[in-house]
Amino acid sequence: MMQQLKETAGFLKQETGFEPEVGIVLGSGLGALADEIEVSHRLSYKDVPNFESSTVEGHSGNLIFGKLGGKNVMAMQGRFHYYEGYPLEKVTFPIRVMSLMGVHTLFVSNAAGGLNKAFEVGDLMIIRDHINKFPGNPLIGPNLDELGPRFPEMSQTYCPELISKAKKIASDNKIKFQTGVYIGSSGPTLETPAEYKMFRILGADSTGMSTVPEVIVARHAGMKCFGISVITNLAEPVDGPTSHEEVQKQGAAASAKMTLLFKELIRQM
Ligand code: HPA
């Protein structure tokens with residue numbers, strides 16, 4: 001694994017000559033932020049050694065290097081999901097590559113269902129903590145001592161300083177925001193009403209099928225993390241079940257707010 005990671009990081013360094021400091025993962029329908037990056041290099045996942053190629057509809061699968069908010073960023077337009085059949089170590093592989101390339105802060109975004117009854121479709125939720133409901137953990141197996149410790153500490157997984165800066169930026173720009181706990185599970189099924197209820201009882205405010213594995217690996221490697229859930233649907237909709245199309249549509253609509261927040265936060269880092 002270490003050898004593959006070094007091979008990929010070496011390839012990207014050689015190909016781009018780029019030294020990223022901020023990593024960004026763009027979720028379902030949230031790829032618009034990529035338009036704000038002053039792109040210096042764009043690589044399709046299929047051209048990157050040891051990368052899988054993303055399959056889910058609406059994810060274009062590009063690695064983008066460039067400047068955003070005055071900083072060197074490396075962005076994933078489309079991520080790998082566990083439900084696509086990739087093991088968690090493949091899902092999180094790009095995050096470890098980012099770490100080897102020098103990324104010290106990770107920004108993640110996801111489309112998520114709103115569990116908190118105060119939430120509305122289109123809300124941005126600043127993630128203050130998460131619950132891992134995946135059937136596993138990406139760090140299971142021999143520890144990669146070069147990257148981080150055997151038993152990573154998780155008390156401040158989402159950087160409190162970035163969270164408070166983000167709240168100020170949102171308020172200054174009149175962007176409505178929520179703060180809460182994200183629960184990540186495998187998918188690909190959306191939750192049954194009983195499962196939505198269970199997640200609420202567990203203390204979660206938003207639910208989705210990503211983010212947790214990536215953030216675990218990032219924290220293992222000592223990266224600071226900041227995450228946003230875009231609430232694309234409510235857990236118990238009055239107007240019938242949630243569709244993937246609706247998730248995509250709502251994600252795109254909320255993308256502009258999230259883009260502003262990420263960009264300003266990166267500028268102020
Ligand atoms: N559940 C799980 N994942 C999701 C949802 C949801 O309601 N909405 C968007 N991604």
Side-chain angles (χ1 to χ4, degrees), residues 24-33 54-61 76-86 88 91-92 107-136 138 158 176-216 227-259 261-262:
I24 303 174
V25 183
L26 298 169
S28 271
L30 304 176
L33 179 114
S54 195
T55 58
V56 72
E57 201 189 325
H59 294 203
S60 26
M76 292 181 70
Q77 193 176 27
R79 55 154 60 93
F80 305 116
H81 294 89
Y82 183 70
Y83 63 74
E84 292 172 88
Y86 303 126
L88 290 175
V91 169
T92 56
F107 283 67
V108 288
S109 59
N110 56 59
L115 299 166
N116 187 312
K117 301 216 166 167
F119 288 8
E120 292 177 58
V121 168
D123 280 355
L124 298 187
M125 186 192 92
I126 296 172
I127 304 176
R128 76 173 163 75
D129 205 348
H130 75 218
I131 298 172
N132 180 17
K133 252 295 261 111
F134 282 84
Y158 296 84
K176 181 188 175 203
F177 69 91
Q178 310 281 2
T179 309
V181 174
Y182 175 85
I183 188 162
S185 61
S186 74
T189 45
L190 291 149
E191 292 79 359
T192 64
E195 287 164 344
Y196 278 132
K197 184 175 174 190
M198 170 178 74
F199 285 175
R200 214 178 271 126
I201 291 168
L202 290 177
D205 300 287
S206 71
T207 169
M209 306 172 193
S210 68
T211 303
V212 170
E214 289 124 310
V215 167
I216 288 175
I228 290 279
S229 279
V230 172
I231 305 301
T232 54
N233 57 282
L234 298 178
E236 273 148 45
V238 281
D239 53 356
T242 299
S243 69
H244 183 62
E245 289 66 36
E246 187 62 15
V247 167
Q248 297 270 340
K249 196 179 107 196
Q250 294 299 339
S255 233
K257 293 187 288 183
M258 195 197 75
T259 297
L261 192 57
F262 272 20

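Counting starts at 1 for both ligands and their atoms, following the listed order. Being a predicted model, the structure only gives us computed values, none of them experimental.
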What I'd like to find out is whether the side chain of E195 reaches to under 4.5 Å of the side chain of K133, using heavy atoms alone. no

Does the Y196 side chain pair with the main chain of L234, one donor and one acceptor, at a distance under 3.5 Å? no

For ligand 1, which atoms, with element, lie under 4.0 Å from some heavy atom of M209? 2 (C), 3 (N)

Among non-hydrogen protein atoms, atom 4 (C) of ligand 1 lies closest to T207 O, 3.6 Å

Nearest non-hydrogen partners of I131 and V212, listed with the distance: O-CG2, 3.8 Å

Top protein contact for atom 1 (N) of ligand 1, by heavy-atom distance: E191 OE1, 2.7 Å

Using a 3.5 Å distance criterion without hydrogens, assess whether the side chain of S109 forms a donor-acceptor pair with backbone atoms of V25. yes

Closest approach of any protein heavy atom to atom 8 (N) of ligand 1, naming residue and atom: N233 OD1, 2.6 Å

Counting from 1 in the order shown, the ligand 1 atoms closer than 4.0 Å to a non-hydrogen atom of T232 are 8 (N), 9 (C)

Side-chain touch Q178/I126, heavy atoms, less than 4.5 angstrom: no

Starting from atom 3 (N) of ligand 1, what is the nearest protein heavy atom, named by residue and atom, and what distance separates them? G208 CA, 3.4 Å

Which residue and heavy atom of the protein sit nearest atom 5 (C) of ligand 1, plus the separation: G113 N, 3.4 Å

Check this for me - ligand 1, L190, N or O atoms closer than 3.5 angstrom, yes or no? no

Considering only protein heavy atoms, which is closest to atom 10 (N) of ligand 1, and at what distance to one decimal place? A111 O, 3.3 Å

Atom 7 (O) of ligand 1: closest protein heavy atom, distance to 0.1 Å, is Y196 OH, 2.6 Å

At under 4.0 Å between heavy atoms, is it the side chain or the backbone of A235 that contacts ligand 1, or both, or neither? neither

For N110 and T211, test the side chains for any donor-to-acceptor distance below 3.5 angstrom and give the result as yes or no. yes

Counting only heavy atoms not in K197 (residues, nucleotides, ligands), do more than 12 fall under 6.0 Å from its NZ? no

Backbone of V230 reached by a side-chain donor or acceptor of K257 within 3.5 Å: no

